[in-house]
**Student:** 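For reference, the structure I am asking about is given below.
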Amino acid sequence: MVDAISMTLIKVNESGELPINRIPSPTVEPPKRPEWGDFSCNVAMTLASTVKQSPLKVAQILATNLLKQFPELFKQVDVAPPGFLNFTLHPMCWIDVLRAIESHDSSYGTSQIGKGTSIILEFVSANPTGPLHVGHGRGAALGQAMASLLTASGYAVSREFYINDAGRQLQLLGRSVYARYREILGKDSNFPEDGYYGDYIKELAESFVHSHGETLLEQPPDEAVAVAAHAASQILLDRIKEDLSLFGVNFETWFSETTLHSKGLVQQTLDELRVRDLVKEEDGALWFRSSEFGDDKDRVVKKQDGSYTYLAADMAYHRDKLDRGFDTLVNIWGADHHGYIPRMTATVQAFGHEKESLRVVLVQMVSLSRGTQKIEMSKRAGEFVTLREVIEEVGSDAAKFFFLMRRADTHLDFDLELAKQQSSDNPVYYVQYAHARLASVFRMAQERHVTLPTMEDVDVSLLLGADELGLIKTLAQYPFILEGSALALEPHRITFYLQDLAAQLHAYYNKHRVLPAAENSVKSEDRPHEDGVPTNGKASNVGHESTKTQLTPDVTAARLALLRQVQTVLRNGLTLLGISSPEKM
RNA sequence: GCGCCUGUAGCUCAGUGGAUAGAGCACUUGCCUCCGGAGCAAGGGGCCACAGGUUCAAAUCCUGUCAGGCGCACCA
């Protein structure tokens, strides 16, 4: 297609019809309206000024040449103002799409645009100081979908969870649990002002009473806090792992911040920066010269008291990821961390990598509601809805779909009522229903002793109607949707596509019969089954082809073959998002 | 004060240089003797926040203004 245009451009240049100094690489895309054709191209408009002719004229010259040169490909090449070239392919060309889906099956849509580039995808990375909440769920669903998407597009993806198991938050966890522990044992607690208030802290404290009795009271408070912190974070991390696995989200590696310190990697990182002359001493602290790479100001990495900042550890972590040989680091972060991006970008550059080797996807807040009722959340008071609660209420499939329905960087309103509803109002059910409905048709076909045909068995000329071709063209888009969303790191495009495809399928199915009626229900019938309900007078389509087709066994077979490919694409898309494709609902 | 994100139908949002700006919900009206009605069809509804600029072409890119959200630690 693109080649055909390029070749034609070269030809008209050589023949002198259009003197083009530089041959542009044309872009081709599906036009906004189907009646304009199958593809459109804007190259004539971009050329108009260089060849000093009107875009319409340029388009006209190209159109006649293209049609002359590639009669087997193009049925029609039109010119539309202000200078679009609109191509209509021979309908038979589209049948190949169905054959491709059938032969590639579950791998239809995959590509090699990633060329094996290795990516480490870090996401969730919640502190092991409490249960995962809905916000983490969004990050988890997004990360998992992105990993599948990138893998399907030819990247080598590794998923990693960074465990913040060193530092102040963990200490605070220990102090909170220890305070509750003392409370249970009737001692004065002095619960930390900014501590964790959730009920789970009390449960953890109770379990310590069971396991340790009063022994922690005998230890110096600092030690007791450390013991509590360590044990509590282990338990909480295990719960995080359980929740994620319940949600169908997995990681290749769980990277512990503590190991950075114990292996001395933080100091090594600072030493290397010193060699590169990218740190400075000032006011008794050590600063990273991040402003040399576009950050607003330099950042402290080692405090006056000699301890490292969180940034220092994070720099060591990112250096480690680069040292492990990954080409690209992708981080999924909560949007409240956006101020951190320049620092991390500077870090990557400080170690000699392109700034593009770090890509950060920001995820905005999720606000929950039931119908019009907003659910208030306050993390500080320990009042928040956990991921587990959401999964238990609406199910993993619905939760994932809702998390993936919006662009990551916009706020998400998650209506629990809607997610539970089993109706077309609920987009998850709508898409899954399309899959289940097809499964049911195939079951019914077999009950009626109609064997499921493959493309080879079928008279493909019966699939050239406008509705069939429309469906096929949507199926043909799928690989491009995957490619686009992989490059942009935007899985939400797939949820939109699936809703489109499902809608088109439902419409088709409603309008066209596939299976003949069951034998016992035809008894008094002598009129043949007709297809295409002439809904009202307006359905008078543009003429030529009749809306009514006799439902012969051949037609049934052809339509079944088409629907099987639709089902495959629905399933592939859902699978990619980590959502199940039910046979029955 | 500085920075980042967002501003599109009544609501929730797609659409990042192309032609007449789309979908779902809500609202109105129709469609099952029949393969899953958990569905379909039709209708109304828009100064794409505002103002300039770049371009053959702007919701989309640039500048400014306004509004909302979030950041701006020798916290993590």
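Proteins get letters first, then strands, A, B, ... in listed order; numbering begins at 1 in each.
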**Student:** Using the P atom in both, what is the distance from U6(B) to U16(B), to the nearest Å?
**Tutor:** 13 Å
**Student:** Starting the side chain at C-beta, find the nucleotide from A19(B), G15(B), A76(B) nearest to Phe84(A).
**Tutor:**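 Nearest to the side-chain atoms of Phe84(A), counting from C-beta on, is A19(B).
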**Student:** Closer than 3.5 angstrom, by distance alone: can the side chain of Arg289(A) be matched with the main-chain N or O of Ser291(A) as a donor-acceptor pair?
**Tutor:** no
**Student:** Using the C1' atom in both, what is the distance from U65(B) to C13(B), to the nearest Å?
**Tutor:**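 Per the computed distance, 26 Å lies between those C1' atoms.
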**Student:** At 4.0 Å (heavy atoms only), tell me whether Ala48(A) reaches a base, stays on the sugar-phosphate, or touches nothing.
**Tutor:** nothing
**Student:** Is the glycosidic angle of C31(B) within 90° of 0, making it syn, or outside that range, making it anti?
**Tutor:** anti
**Student:** Checking the side chain of Asp397(A) only, and the main-chain atoms of Ser580(A) only, is there a donor and an acceptor separated by less than 3.5 Å?
**Tutor:** yes
**Student:** Please report the closest heavy-atom contact between Val225(A) and Gln171(A), naming both atoms and the distance.
**Tutor:**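 In this case the closest contact between Val225(A) and Gln171(A) is CG1-O, 4.0 Å.
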**Student:** Considering only the C1' atoms, how many Å lie between A58(B) and G15(B), rounded to the nearest integer?
**Tutor:**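 Result for the C1' pair: 13 Å, nearest Å.
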**Student:** Take atom OH of Tyr430(A) and atom P of A23(B), then tell me their distance rounded to the nearest Å.
**Tutor:**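 Between P of A23(B) and OH of Tyr430(A): 12 Å.
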**Student:** If you round to the nearest 0.5 Å, how far is CD of Gln169(A) from CG of Leu172(A)?
**Tutor:** 6.0 Å
**Student:** Give the minimum heavy-atom separation between Leu173(A) and Pro128(A), together with the two atoms involved.
**Tutor:**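 Smallest interatomic distance, heavy atoms only, reads CD2-O, 3.6 Å.
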**Student:** How would RNA chain B look in dot-bracket form, 5' to 3', counting Watson-Crick and G-U wobble pairs with both distances under 3.5 Å and writing | for bases paired to another strand?
**Tutor:** (((((((..((((....[...)))).(((((.......))))).....(((((..]....))))))))))))....
**Student:** Which pair of heavy atoms, one from Leu515(A) and one from Val441(A), lies closest together, and at what distance?
**Tutor:** CD1-O, 3.7 Å
**Student:** If you measure from the C1' atom in C72(B) to the same atom in U20(B), how many Å do you get, rounded?
**Tutor:**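 That atom pair is separated by 46 Å.
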**Student:** Run the salt-bridge test on Lys321(A) and Glu160(A) with the 4.0 Å N-O cut-off and return the result as yes or no.
**Tutor:** no
**Student:** Report which part of the nucleic acid Ser54(A) touches: base, sugar-phosphate, or nothing (heavy-atom distance under 4.0 Å, all strands).
**Tutor:**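 Result for Ser54(A) = nothing.
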**Student:** Please determine whether a side-chain nitrogen or oxygen atom of Arg407(A) lies at a distance below 4.0 Å from atom OP1 or OP2 of U16(B).
**Tutor:** no
**Student:** Going by modelled atom types, is there a donor-acceptor pair between the base of C34(B) and the side chain of Arg513(A) at under 3.5 Å?
**Tutor:** yes
**Student:** Check whether any side-chain nitrogen or oxygen of Lys32(A) sits under 4.0 Å from OP1 or OP2 of G17(B), and answer yes or no.
**Tutor:** no
**Student:** Heavy atoms from C-beta onward define the side chain here; which of C40(B), C75(B), A19(B) lies closest to that of Arg168(A)?
**Tutor:**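 Selected nucleotide (nearest to the side chain): C75(B).
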**Student:** Atom CG of Asp415(A) to atom C1' of C13(B): distance rounded to whole Å?
**Tutor:** 14 Å
**Student:** Pick base, sugar-phosphate or nothing for Gln304(A), based on heavy-atom distances below 4.0 Å to the nucleic acid.
**Tutor:**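 The residue Gln304(A) makes base contact.
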**Student:** Taking N and O atoms by type only, does the side chain of His338(A) place a donor or acceptor under 3.5 Å from a partner on the base of C70(B)?
**Tutor:**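 Per atom types, the contact qualifies.
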**Student:** Look at the side chain of Arg406(A) and decide which nucleotide, out of C74(B), A14(B), A19(B), has an atom nearest to it.
**Tutor:**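 Closest nucleotide among those given: A14(B).
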**Student:** Classify Ser40(A) by what it touches in the nucleic acid, base, sugar-phosphate, or nothing, heavy-atom distance under 4.0 Å.
**Tutor:** base
**Student:** In whole angstrom, give me the gap between the C1' atoms of U54(B) and A14(B).
**Tutor:**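 One C1' to the other, the span is 27 Å.
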**Student:** Within the structure shown, what part of the strands sits under 4.0 Å from Lys584(A) by heavy-atom distance: base, sugar-phosphate, or nothing?
**Tutor:** base
**Student:** Of the nucleotides C35(B), C13(B), A76(B), which has the atom closest to the Val514(A) side chain?
**Tutor:**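 The closest nucleotide is C35(B).
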**Student:** If every non-hydrogen atom of Leu142(A) is compared with every non-hydrogen atom of Leu404(A), which pair is closest and at what distance?
**Tutor:**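 Nearest pair, atom of Leu142(A) first, then Leu404(A): CA-CD2, 3.7 Å.
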**Student:** By a 5.5 angstrom centroid cut-off and a 30 degree plane limit, is there stacking between Phe496(A) and A14(B)?
**Tutor:**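 Stacking is absent between A14(B) and Phe496(A), given that the ring centres and planes do not meet under 5.5 Å and under 30°.
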**Student:** Pick the closest RNA chain B nucleotide for Trp287(A) and for Tyr508(A) by heavy atoms, then say which residue is nearer the 5' end.
**Tutor:** Tyr508(A)
**Student:** Which pair of non-hydrogen atoms, one from Gly573(A) and one from Leu498(A), has the smallest distance, and what is that distance?
**Tutor:**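 Nearest pair, atom of Gly573(A) first, then Leu498(A): C-CD1, 3.7 Å.
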**Student:** Where the side chain of Asp413(A) is concerned, which of C40(B), A76(B), U12(B) is the nearest nucleotide?
**Tutor:** U12(B)
**Student:** With the side chain of Asn86(A) defined as its heavy atoms from C-beta on, choose the nearest nucleotide among A73(B), G37(B), A19(B).
**Tutor:** A19(B)
**Student:** Which nucleotide in the list C35(B), A73(B), C5(B) gets nearest to the side chain of Lys297(A)?
**Tutor:**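 Nearest listed nucleotide: A73(B).
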**Student:** Please tell me which of the listed nucleotides, A76(B), C74(B), C35(B), lies nearest to the side chain of Ala285(A)?
**Tutor:**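 My answer, after comparing the listed nucleotides, is C74(B).
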**Student:** Categorize Asn164(A) for me: base, sugar-phosphate, or nothing, with a 4.0 angstrom heavy-atom threshold over every strand shown.
**Tutor:**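 Nothing, no nucleic acid heavy atom in range.
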**Student:** Under 4.0 angstrom, heavy atoms only, what part of the nucleic acid is Met444(A) near: base, sugar-phosphate, or nothing?
**Tutor:**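 Met444(A): backbone/sugar contact only, no base atoms under 4.0 Å.
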**Student:** Classify the nucleic acid contact of Arg33(A) as base, sugar-phosphate or nothing, counting any heavy atom under 4.0 Å across all strands shown.
**Tutor:** base
**Student:** How many whole angstroms separate atom CG of Asn127(A) from atom C1' of C75(B)?
**Tutor:**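 For the pair Asn127(A) CG and C75(B) C1', the rounded distance is 12 Å.
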**Student:** Can you tell me the distance, in whole Å, between the CD atom of Glu29(A) and the P atom of A19(B)?
**Tutor:** 9 Å
**Student:** Backbone N or O of Asp283(A) within a donor-acceptor pair of the Gln304(A) side chain at under 3.5 Å?
**Tutor:**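 The answer is yes, because a donor-acceptor pair under 3.5 Å joins these two groups.
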**Student:** Please state the P separation for the pair G64(B) and G3(B) - nearest whole angstrom.
**Tutor:**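 That atom pair is separated by 9 Å.
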**Student:** When all nucleic acid strands are considered with a 4.0 Å heavy-atom cut-off, which category describes Asp283(A): base, sugar-phosphate, or nothing?
**Tutor:** base
**Student:** Is there a residue in residues 312-321 of chain A whose heavy atoms reach under 4.0 Å of RNA chain B, and which residues are they?
**Tutor:** none
**Student:** Select base, sugar-phosphate, or nothing to describe what Pro31(A) touches, counting heavy atoms under 4.0 Å on all strands.
**Tutor:**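 Base, at least one base atom sits under 4.0 Å.
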**Student:** With hydrogens left out and only the distance checked, is there a donor-acceptor pair under 3.5 Å joining Asp336(A)'s side chain and the base of G71(B)?
**Tutor:** no
**Student:** Whether the His318(A) and Asn331(A) side chains hold a donor-acceptor pair (N or O, under 3.5 Å, no angle test) is what I'd like checked.
**Tutor:** yes
**Student:** Quick one: does Asn426(A)'s side chain have a donor or acceptor within less than 3.5 Å of a partner on Ala419(A)'s backbone?
**Tutor:**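 It does hold such a pair.
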**Student:** Side-chain N or O of Thr410(A) versus OP1/OP2 of A14(B): is the shortest distance under 4.0 Å?
**Tutor:**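 Yes.
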**Student:** The side chain of Val300(A) is closest to which nucleotide in this list: C35(B), G18(B), C74(B)?
**Tutor:**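 Nearest to the side-chain atoms of Val300(A), counting from C-beta on, is C74(B).
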**Student:** Work out how far the P atom of G24(B) is from that of A41(B), and round it to whole angstrom.
**Tutor:** 9 Å
**Student:** Can you tell me whether the side chain of Thr309(A) and the base of A76(B) have a donor-acceptor pair closer than 3.5 Å?
**Tutor:** no
**Student:** Using the C1' atom in both, what is the distance from G44(B) to U28(B), to the nearest Å?
**Tutor:**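 Pairwise C1' distance, G44(B) against U28(B), rounds to 8 Å.
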**Student:** Using atom CG of Asp194(A) as one end and atom C1' of C75(B) as the other, report the distance to the nearest whole Å.
**Tutor:** 10 Å
**Student:** Pick the closest RNA chain B nucleotide for Val441(A) and for Met585(A) by heavy atoms, then say which residue is nearer the 5' end.
**Tutor:**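 It is Val441(A), whose closest nucleotide lies nearer the 5' terminus.
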**Student:** So, OP1 or OP2 of G15(B): does either fall under 4.0 Å of a side-chain N or O from His492(A)?
**Tutor:**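 So the side chain of His492(A) is within the cut-off, an N or O lying under 4.0 Å from OP1 or OP2 of G15(B).
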**Student:** Judged by atom type as modelled, is there a donor-acceptor pair below 3.5 Å linking the side chain of Tyr429(A) to the main-chain atoms of Ala398(A)?
**Tutor:** no
**Student:** Do any N or O atoms from the side chain of His435(A) and from the backbone of Val431(A) form a donor-acceptor pair under 3.5 angstrom?
**Tutor:** no
**Student:** Measuring to OP1 and OP2 of C40(B), would you say a side-chain N or O of Tyr433(A) lies under 4.0 angstrom away?
**Tutor:** no
